[in-house]
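Here's the structure, in structure tokens; my notes come after.
Counting starts at 1 for both ligands and their atoms, in listed order.
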Amino acid sequence: MIRRTVRGTDLGSSLPPAIVPAASSDIDLHCHSLASDGTLAPGDVIAAAAAAGVRTLALTDHDTLAGLPSAAAAASRRGIRLISGVELSCRWEQRTVHVVGLGFDGGNEALQRGLAELQATRRARATRIAQKLEALGVADALERVQREATDGQITRQHFARLLIEDGLCRDTQRAFKRFLGRTGRAYVAAAWAPLPEVVAWIHGAGGCAALAHPFAYRLSASALGRLIGAFRDADGDALEVCCGTSRPANVAHAAELARRHGLLGSVGSDFHDPAQPWRQLGRLTPLPPSITPVWTRFGIPRDPR
Ligand code: AMP
Ligand code: MN
Ligand code: MN
Ligand code: MN
């Protein structure tokens, strides 16, 4: 039976779907490490990818490239082809959407300035979320998330872990629903850079931009069409057609949207944590044959093996 028991408030791609994708892919272009809200060090993400049979990987932490050097070192030891990656937060029509940058030059100055701006926005938002949570009785929220994130980016996942630790919420979904999501009591809207600007940073650094997890924004069909149109108008390159949480019907729908808007296709599990079976490295439905893969832009054949 296909059933979703819990609805998220926004960016709910981390909700467990009813079906864990049965297929596996040797290419995975979306995952996270301790540099943002993943639970594994970058080198351990590479090891886990290798163990899962992934041969081509992009580590795409939220608004940071900090994990890439150690990921690259581990990838060369394990024979994994690593594509530079990042998941950038951006603003579109008062909402947050995520754009995955791939295959860019991480030394590009304009991109680095952009990342510094997003990181400052993250810090300012974290301070305000912490103030709201402290007013709701969560002690030392800012210091504790800072300690938890060490030198990585502070994300709402870190706040969710605090709420669970303090017994205010039973799980991540409830933490987002009650506190951190768009209708939650400690929600703070972040002034991310606008979508076209973020795409331009990636292009300026020689990379490709993929609109991440199109169904995670819970938009109506017309709003989703507007978002993808705006992304295309901003010169965006690809749509993430296959996500860790995609069911076959989602893949077919996303493929149709990519085709209609003239976008390439990308695939990414959005792996964060080995304990989340619904988004594991390489657990992805294959890209439909009608879609040109974004990785062909990097000279990698459609079927790299
Ligand atoms: P941030 O970029 O700091 O706003 O945090 C985004 C992270 O929170 C992403 O990794 C999402 O997977 C996660 N997230 C967003 N909304 C939800 C939700 N409703 N339930 C669980 N996780 C969520
Ligand atoms: Mn995340
Ligand atoms: Mn995302
Ligand atoms: Mn992600």
Side-chain angles (χ1 to χ4, degrees), residues 4-17 28-39 45 57-64 67 85-92 95-102 115 118-130 145 148-149 152-164 169-184 186-193 198 209-218 227 239-240 242-246 266-273 275-276 278-281 284:
R4 282 183 90 104
T5 47
V6 191
R7 294 189 70 82
T9 43
D10 66 339
L11 299 186
S13 62
S14 53
L15 296 181
D28 189 336
L29 302 181
H30 186 159
C31 63
H32 297 269
S33 75
L34 284 173
S36 64
D37 56 353
T39 59
V45 174
L57 185 83
L59 176 68
T60 55
D61 275 302
H62 295 283
D63 306 320
T64 179
V86 68
E87 182 172 16
L88 298 173
S89 309
C90 48
R91 180 160 43 92
W92 171 77
R95 285 178 171 272
T96 296
V97 297
H98 287 171
V99 169
V100 167
L102 296 168
L115 287 163
L118 292 176
Q119 290 167 13
T121 301
R122 256 185 197 285
R123 278 193 298 277
R125 183 188 64 161
T127 305
R128 293 183 55 209
I129 294 174
V145 284
E148 165 90 13
Q153 295 307 304
I154 298 173
T155 72
R156 285 183 294 164
Q157 291 281 1
H158 295 96
F159 285 106
R161 289 175 205 153
L162 274 198
L163 288 161
I164 295 165
C169 299
R170 223 185 316 154
D171 54 35
T172 309
Q173 286 136 48
R174 286 179 176 84
F176 273 87
K177 195 168 173 54
R178 292 183 48 208
F179 294 96
L180 303 167
R182 269 159 59 91
T183 55
Y187 180 71
V188 175
W192 309 119
V198 167
L211 183 65
H213 43 60
F215 304 121
Y217 311 114
R218 301 189 180 282
L227 168 60
L239 187 67
E240 210 172 68
C242 308
C243 311
T245 51
S246 299
S266 190
V267 303
S269 63
D270 208 2
F271 168 82
H272 284 70
D273 181 346
Q276 298 177 329
W278 62 92
R279 47 180 186 186
Q280 286 300 300
L281 288 159
L284 285 159

Close N or O approach (W192, ligand 1; < 3.5 Å): no
Min N/O separation R156 to ligand 1 under 3.5 Å: yes
So how far is it from [X] [atom1] to [Y] [atom2], rounded to the nearest 0.5 Å?
X: T64; Y: L88; atom1: OG1; atom2: CG; value: 10.0 Å
X: R95; Y: R182; atom1: CZ; atom2: CZ; value: 4.0 Å
X: H30; Y: R279; atom1: NE2; atom2: CZ; value: 8.0 Å
X: S36; Y: L59; atom1: OG; atom2: CG; value: 7.5 Å

Mode of [X] contact toward ligand 1 - side chain, backbone, both, neither (heavy atoms, under 4.0 Å):
X: H62; result: side chain
X: D37; result: side chain
X: H272; result: side chain

Atoms of ligand 1 close to T155 [distance to a heavy atom under 4.0 angstrom, numbered from 1]: 3 (O)
Proximal ligand 1 atoms for R122, defined as those under 4.0 Å from one of its heavy atoms: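 The list of qualifying atoms is 1 (P), 2 (O), 3 (O).
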The Mn ion (ligand 4) to nearest N/O/S of H272 below 2.8 Å: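 So H272 does not bind the Mn ion (ligand 4) by this criterion.
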H62 N/O/S atom closer than 2.8 Å to the Mn ion (ligand 4):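 So H62 does not bind the Mn ion (ligand 4) by this criterion.
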Sub-4.0 Å heavy-atom contact, Q153 with ligand 1: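 No heavy atom of Q153 comes that close to ligand 1.
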Any R125 heavy atom less than 4.0 Å to ligand 1: yes
Exercise: do D270 and H32 side chains pair donor with acceptor under 3.5 Å: yes
H30 atom NE2 and H32 atom NE2 as seen from the Mn ion (ligand 4), angle to 10 degrees: 100°
Short side-chain to backbone donor-acceptor contact, [X] and [Y], under 3.5 Å:
X: R125; Y: A190; result: no
X: T60; Y: C31; result: yes
X: R122; Y: I154; result: yes
X: R91; Y: A191; result: no
X: Q119; Y: Q153; result: no

Considering only N, O or S atoms of D270, the one closest to the Mn ion (ligand 4): OD1
Proximal heteroatom of E87 relative to the Mn ion (ligand 4) (N/O/S):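 Atom name returned: OE1.
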Closest to atom 14 (N) of ligand 1 among Y187, F176, F159 (heavy-atom distance):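 The nearest heavy atom belongs to F176.
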H98 N/O/S atom closer than 2.8 Å to the Mn ion (ligand 3): yes
